[in-house]
Amino acid sequence: MSIRRYILLRRLYFEVGIMICADPYTKDIAYNLFEKGAEILNAPSSWGPGLHGPEGEWEQRSLETGLPVIVCNRTGEDKIVRFWDAESMIIKKG
């Protein structure tokens, strides 16, 4: 049995739900954060462009929850993947 912890940061003006790594792949985690009171979803990511890049997952989570999603994607490169063209974005209502 796996244990999932949902991160919800309570800030002075709003509550931020944090989706880690592949959390945006399905609606469950984003919806759970929404139910717990998140007003914004944040997705720190390391998704490279191309074949294994995002295919609308962030936009879909925004549509499903009605919350803005802020994605801060990795930049730079390592020995395997170049992240210079990886997307960071702010999504509101998909």
Exercise for the section: Identify the two heavy atoms, one from P68 and one from E39, that lie closest to each other, and give their separation to 0.1 Å. Expected result: CD-O, 3.6 Å
Practice task
Without swapping roles, check the side chain of S62 against the backbone of Q60 for a donor-acceptor pair under 3.5 Å.
Solution key: no
Problem - Trace of the side-chain contact (heavy atoms from CB on, under 4.5 Å) decision for I70 with W58 - result: CA-CA 9 Å; I70 300 171; W58 300 320; over 6 Å; no
Completion exercise
In this structure, CZ of R61 is separated from CZ of F34 (nearest 0.5 Å) by 14.0 Å
Exercise for the section: Would you name the heavy atoms of A38 and L67 that are closest together and state the gap between them? Expected result: O-CD1, 3.5 Å
Handout entry: Spacing of OG1 belonging to T65 relative to NZ belonging to K27, to within rounding of 0.5 Å
Key = 12.0 Å
Practice task
Report yes or no: does T75 contribute a side-chain atom to a donor-acceptor pair with the main-chain N or O of W84 at less than 3.5 Å?
Solution key: no
Problem - Candidate pair R74 and D78, rule salt bridge (charged side-chain N to carboxylate O under 4.0 Å, His left out), full reasoning - result: CA-CA 11 Å; R74 178 179 171 184; D78 58 31; 3.2 Å; yes
Handout entry: Candidate list N32, T26, L33, test side-chain contact (heavy atoms from CB on, under 4.5 Å), partner I29, passing option
Key = L33
Exercise for the section: Would you mind reporting whether F83 and E77 have side-chain heavy atoms less than 4.5 Å apart? Expected result: no
Exercise for the section: Locate the shortest heavy-atom distance separating A86 from N73; write the atom from each residue and the value. Expected result: CB-ND2, 3.5 Å
Practice task
Check whether V16 and I90 end up in the same hydrophobic cluster, where Ile, Leu, Val, Met, Phe, Trp and Tyr are linked by side-chain heavy atoms less than 4.5 Å apart.
Solution key: yes
Exercise for the section: May I ask whether M89 and L41 are part of the same hydrophobic cluster, defined by side-chain heavy atoms of I, L, V, M, F, W, Y residues being less than 4.5 angstrom apart, directly or through others? Expected result: yes
Exercise for the section: Evaluate the side-chain proximity of Y31 to K36: yes if any heavy-atom separation is below 4.5 Å, no if none is. Expected result: no
Completion exercise
Taken to the nearest 0.5 Å, the spacing of I20 CD1 from S46 OG works out to 12.0 Å
Exercise for the section: Is it possible for you to say whether M19 and L63 belong to one hydrophobic cluster, with membership spreading through side-chain heavy-atom contacts below 4.5 Å? Expected result: no
Handout entry: Neighbour count >12 (heavy atoms, 6.0 Å) for atom CD, E87
Key = no
